[in-house]
Amino acid sequence: MILAPRAPADDKRGMTDADPEDPFLEAGRLLFAGPWDFLTAAPTIETLPPMRGIEIALAGRSNVGKSSLVNALTGRKALARTSVTPGRTQELIFFGVGPQLTLVDMPGYGFAKAPKEKVEAWTRTIRDYLRGRVNLARVFVLIDSRHGLKPVDTDILDLLDKAAVSYAVVLTKADQVKPTDFAARVEETEAKIRRRPAAYPHVFPTSSETGAGLPALRAAVARLIAERA
Ligand SMILES: Nc1nc2c(ncn2[C@@H]2O[C@H](COP(=O)(O)OP(=O)(O)OP(=O)(O)O)[C@@H](O)[C@H]2O)c(=O)[nH]1
């Protein structure tokens, strides 16, 4: 079947890097149109649900915008709860669409005020999940456009490189940064991930607020599913 590319409806600022000729733009739009279901919340590695289809995980510091991105990608206001309180999502939250895709909202890392034992438990859960989930096709590591990559982020990138889990960096909250500063942030981030073996070389700029960059991200997921079919 030939999928005709169509201008993404929700990209209000036009700052998407989506190639209008990308045949997966429409497939991505259809895939994320749902219907989506909340599957389960797993606080520990022992409580993970059975694997189904391919899994895409969203990782990132507390408050980086993971839950907002799940809602924006799926077009649902409250599929994932969002919060102004950093560190609220403390479980791996699983969402499914059809039989082929599971999206995982991971607990935020790097929340300075969390008790040490809690941080250690989250770190163990995140590490065990990332190393052991065989249907995990890609991790999107979310980085706040205002702050860029921090040491706590590079710890996760190191872990993913060591575990040979394919990942891509997603810059969030692009609407919060001036376009010139944003372009510099993209360049700086791509330079930092260039030599990382499991990293996709280009970053995905996004804003859950304006919808910018979401069509490109949906298309990337649709492409992954097609490649694995
Ligand atoms: N301006 C702007 N604000 C955003 C964007 N994405 C998220 N936010 C805000 O950032 C805050 C944190 O967003 P969440 O989606 O809850 O972040 P999270 O990464 O899931 O947070 P944890 O549960 O701590 O892991 C909320 O106040 C959101 O409204 C964005 O693209 N633009």
Next item on the list: With side chain to side chain contact (heavy atoms under 4.5 Å, CB included) as the test, would you mind laying out the steps for Arg218 and Leu31 before giving the verdict?
Entry: CA-CA 8 Å; Arg218 296 189 190 109; Leu31 175 69; over 6 Å; no

Check: Who are the side chain to side chain contact (heavy atoms under 4.5 Å, CB included) partners of Val186, not counting sequence neighbours?
Finding: Leu171, Phe182, Glu190, Val203

Margin query: Could you work out, with side chain to side chain contact (heavy atoms under 4.5 Å, CB included) as the rule, every residue matching Pro43, not counting sequence neighbours?
Written below: Thr47, Glu91

Quick check: closest heavy atoms across [X] and [Y], and the distance to 0.1 Å?
X	Y	value
Ile45	Tyr129	CD1-N, 3.2 Å
Ala220	Phe204	CB-CZ, 3.7 Å
Pro35	Val97	O-CG2, 3.4 Å
Ala198	Leu160	CB-O, 4.1 Å
Trp36	Phe32	NE1-O, 3.0 Å
Pro49	Thr40	CG-CG2, 3.5 Å

Gap between atom [atom2] of [Y] and atom [atom1] of [X] - 0.5 Å precision:
X	Y	atom1	atom2	answer
Asp175	Ser208	CG	OG	8.5 Å
Leu103	Ile54	CG	CD1	10.0 Å
Thr44	Asp128	OG1	CG	10.0 Å
Lys66	Arg61	NZ	CZ	10.0 Å
Arg29	Glu26	CZ	CD	4.0 Å
Lys192	Asp153	NZ	CG	9.5 Å

Do [X] and [Y] come within less than 4.5 Å of each other through their side chains, counting heavy atoms only?
X	Y	value
Ile56	Phe140	yes
Val169	Tyr200	no
Val104	Leu58	no
Ile143	Thr172	no
Val141	Val139	yes
Ile193	Leu149	yes

Notebook entry, point to check: Within the distance-only criterion (no hydrogens, no angle test), does the side chain of Ser207 pair as donor or acceptor with the backbone N or O of Thr210 below 3.5 angstrom?
Noted result: yes

Next item on the list: Return yes if some donor-acceptor pair links the side-chain N/O of Asp37 with the main-chain N/O of Leu39 below 3.5 Å, else return no.
Entry: no

Check: How would you list, by chain and number, every residue that makes a ring-ring contact (aromatic ring centres under 6.0 Å, His included) with Tyr167, sequence neighbours excluded?
Finding: none

Check: Which residues satisfy the ring-ring contact (aromatic ring centres under 6.0 Å, His included) test with Phe38, sequence neighbours excluded?
Finding: none

Next item on the list: Could you go through the side chain to side chain contact (heavy atoms under 4.5 Å, CB included) check for Leu136 and Leu130 one step at a time?
Entry: CA-CA 8 Å; Leu136 181 59; Leu130 293 175; 4.0 Å; yes

Check: Do Ser67 and Asp105 have side-chain N/O donor and acceptor atoms under 3.5 Å apart?
Finding: yes

Next item on the list: Before giving the answer on side chain to side chain contact (heavy atoms under 4.5 Å, CB included), spell out for Phe95 and Val70 the whole-Å C-alpha distance, their side-chain angles and the decisive distance to 0.1 Å.
Entry: CA-CA 9 Å; Phe95 305 98; Val70 170; 3.9 Å; yes

Notebook entry, point to check: Taking only residues two or more places apart in sequence, or in another chain, which ones meet Asp158 in a salt bridge (charged side-chain N to carboxylate O under 4.0 Å, His left out)?
Noted result: Arg196

Margin query: Do Leu92 and Met51 sit in one hydrophobic cluster, given that two such residues count as connected whenever their side-chain heavy atoms are within less than 4.5 Å of each other, even indirectly?
Written below: no

Next item on the list: Determine, step by step, whether Asp22 and Arg223 satisfy the side chain to side chain contact (heavy atoms under 4.5 Å, CB included) criterion, reporting the C-alpha distance in whole Å, the side-chain angles of both residues, the deciding distance to 0.1 Å, and the verdict.
Entry: CA-CA 10 Å; Asp22 184 344; Arg223 181 184 293 273; 3.2 Å; yes

Note to self: For Arg185 and Ser145: C-alpha separation, side-chain torsions, deciding distance, then whether side chain to side chain donor-acceptor pair (under 3.5 Å) applies.
What the structure shows: CA-CA 7 Å; Arg185 180 69 76 207; Ser145 300; over 6 Å; no

Next item on the list: Can you run down the salt bridge (Lys or Arg N to Asp or Glu O under 4.0 Å) pairs that involve residues 131-149, sequence neighbours left out, and say none if there aren't any?
Entry: Glu55-Arg133, Asp144-Arg146, Asp144-Lys173

